[in-house]
Amino acid sequence: MLGRMNAPALPPYDDVAAAAERLQGHAHRTPVMTSRTVNAELGAEVFFKCENLQRMGAFKFRGAFNALSRFTPEQRRAGVVAFSSGNHAQAIALSARLLGMPATIVMPHDAPEMKVAATRGYGAQVVIYDRYNDDREQIGRDLATRHGYTLIPPYDHPDVIAGQGTAAKELFEEVGPLDAFFVCLGGGGLLSGSALATRALSPACRLYGVEPEAGNDGQQSFRSGAIVRIDTPKTIADGAQTQYLGELTFAIIRRDVDDILTATDAQLVDAMRFMASRMKLIAEPTGCLGFAAARAMGEQLRGQRVGVLISGGNVDIARFCELMAAH
Ligand SMILES: *Cc1c(COP(=O)(O)O)cnc(C)c1O
C-alpha cells in the first residue's frame, strides 16, 4: 500500500525525454504501421507502434538500457542482477553487454526456451528458480547483497519507466495527438511510461492498459484504489503473468490512465493470427493485448484516431504454430 507520508516521487515527462537521448543510436526507432483492413473493421484510423521489431524483440530494451546507462563506474564494475520471465532478462543481458558490464539473470523454470537461450547468448549468467514456489525477488536481492550487484527490477524503477515511455513518445511525435491509446500491461512499466508521454504530448487522449483476463490484478487495483496481489495467472501472455503492480507504476497509472481492460487468451490468438496473416507481423501473445482490446471495443472507436502498442515479438516458431493450430 502506498502510504501518504512516504509516497514515492513520480518521474516527470522530462525523464522520458532524457531517456530518449540516451537511447539515440542504441535502440531502434521502430516503425509505425497501419492496416486498411483494421481501419475498415473498426471504422477508425489505427496506428501500430511495432516494438516487436525493437532490438531483442521487445520494448524492454529501452528501459533496461536507460537504467544501466545511469550506473556509476563502481556499479558498472560489479554488474547488474535482474529477475524476469524473459524479455527483461534479454534486455538487461544485451544492455549489459553493450555497456561492457557483467549480468546475472534470475529466470523461472518454465520460461520459454528461446528466451533462456537468448539471455545466455548475450553472455549473461542465468540462475533458474521455481515460479510457483520460490521468491524471485528474494533470490535477486540475495545475489545483489552477496556480490555487490545492482538489482534492476523489471518495472518498478524510475529509469525503467522513463525508458519504456520513449516508445509512446516516438509514436506521438510521428502521428500527432490520438483519441485513444491501448497499451499492454504486466507490472506497469510500459503503461506508466506511456502515460507520462501521453499526458505530455496528447493530453486529451484516453489511455487504456490491457492485461490478460486470467490475471486482472491491475484492473482490480485500479478500481479499488489499492494494489491487489494475485497468484501467478495461467495465461499464454507470459510477459504479463505479473502478480501485482509496482508502487511507482500504480501511482502513475492511478493518476494518468483512464481504465484497465482485459483480453482472453482466445482473443490474443485471434489477434496474433490477424497480425501474421494480414500485416506480416509476428507478435508474441502478450504483445497483442492492446490490439485485442481495441478490436473488442469496436464501435466506440468509430471515427477516432487510435494508437496500439505492439509490445513484443518473442515467441518460438513451434509455439506460434501450436497456438495457431489449437484455437
Ligand atoms: C514485459 C512485457 C509486457 C508488460 O510490461 P510491464 O512493463 O511489465 O507492464 C508486455 N509485453 C511484453 C512483450 C513484455 O515483454
Side-chain angles (χ1 to χ4, degrees), residues 10-36 38-39 42 44-67 69-70 87 91 95 155 158-185 188-210 249 252-253 255-258 275 279 281 283 287 289-291 293-294 301 303-313:
L10 305 185
Y13 170 70
D14 286 353
D15 288 3
V16 178
E21 286 188 19
R22 283 182 207 109
L23 288 169
Q24 190 109 47
H26 298 287
H28 294 315
R29 190 179 179 98
T30 51
V32 175
M33 309 261 227
T34 56
S35 156
R36 283 167 189 269
V38 174
N39 288 352
L42 293 174
E45 201 177 354
V46 183
F47 302 96
F48 294 87
K49 177 64 171 168
C50 294
E51 287 294 299
N52 55 324
L53 304 177
Q54 185 52 264
R55 285 187 83 166
M56 55 63 53
F59 71 91
K60 284 211 176 64
F61 178 70
R62 296 173 182 269
F65 190 89
N66 185 50
S69 294
R70 304 203 62 206
N87 284 336
S95 301
Y155 49 86
D159 297 335
V160 172
I161 292 169
Q164 316 306 31
T166 60
K169 174 179 184 287
E170 289 173 7
L171 174 64
F172 288 117
E173 285 172 352
E174 190 161 333
V175 307
L178 297 170
D179 299 306
F181 185 23
F182 295 83
V183 177
C184 315
L185 171 61
L190 181 64
L191 179 58
S192 55
S194 300
L196 299 177
T198 303
R199 292 303 159 238
L201 304 175
S202 181
C205 178
R206 296 192 314 286
L207 176 60
Y208 300 105
V210 187
T249 59
I252 296 169
I253 288 167
R255 186 189 64 187
D256 290 342
V257 171
D258 290 281
M275 293 192 64
M279 300 178 71
L281 288 173
L289 283 163
F291 182 35
L301 296 174
Q304 304 198 347
R305 288 164 48 80
V306 177
V308 170
L309 206 154
I310 304 299
S311 58

Please find the pair of heavy atoms, one from [X] and one from [Y], that lie closest to each other, and give the distance.
X: Leu178; Y: Phe47; answer: CD2-CD1, 3.8 Å
X: Ser192; Y: Thr249; answer: OG-CG2, 3.5 Å
X: Leu281; Y: Leu53; answer: CD2-CD1, 4.2 Å
X: Leu171; Y: Gly307; answer: CD2-CA, 4.4 Å
X: Val210; Y: Gly290; answer: CG2-CA, 4.0 Å
X: Ala44; Y: Gln304; answer: CB-O, 3.4 Å

Residue that, paired with Phe181, satisfies ring-ring contact (aromatic ring centres under 6.0 Å, His included) out of Phe291, Phe172, Tyr208: Phe172
Heavy-atom side-chain proximity of [X] to [Y] below 4.5 angstrom:
X: Leu196; Y: Ile252; value: yes
X: Ile253; Y: Leu185; value: yes
X: Gln164; Y: Phe59; value: yes
X: Leu309; Y: Leu190; value: yes

Just verifying a value: how many Å separate [X] [atom1] and [Y] [atom2], rounded to the nearest 0.5 Å?
X: Gln54; Y: Asn87; atom1: CD; atom2: CG; result: 11.5 Å
X: Glu170; Y: Leu23; atom1: CD; atom2: CG; result: 8.5 Å
X: Met33; Y: Cys50; atom1: CE; atom2: SG; result: 4.5 Å

Intermediate values then yes/no, side chain to side chain contact (heavy atoms under 4.5 Å, CB included), Arg29 and Gln24: CA-CA 8 Å; Arg29 190 179 179 98; Gln24 190 109 47; over 6 Å; no
Polar side chain donor-acceptor pair, Thr166 to Arg62, under 3.5 angstrom: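 On atom types as modelled, these side chains qualify, holding a pair under 3.5 Å.
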Modelled atom types, side-chain donor and acceptor of Glu51 and Thr30, under 3.5 Å: yes
[X] side chain to [Y] main-chain N or O, any donor-acceptor pair under 3.5 Å?
X: Asp159; Y: Asn66; result: no
X: Arg199; Y: Cys205; result: yes
X: Ser202; Y: Thr198; result: no
X: Asp179; Y: Arg206; result: no
X: Arg55; Y: His28; result: no
X: Arg305; Y: Val175; result: yes

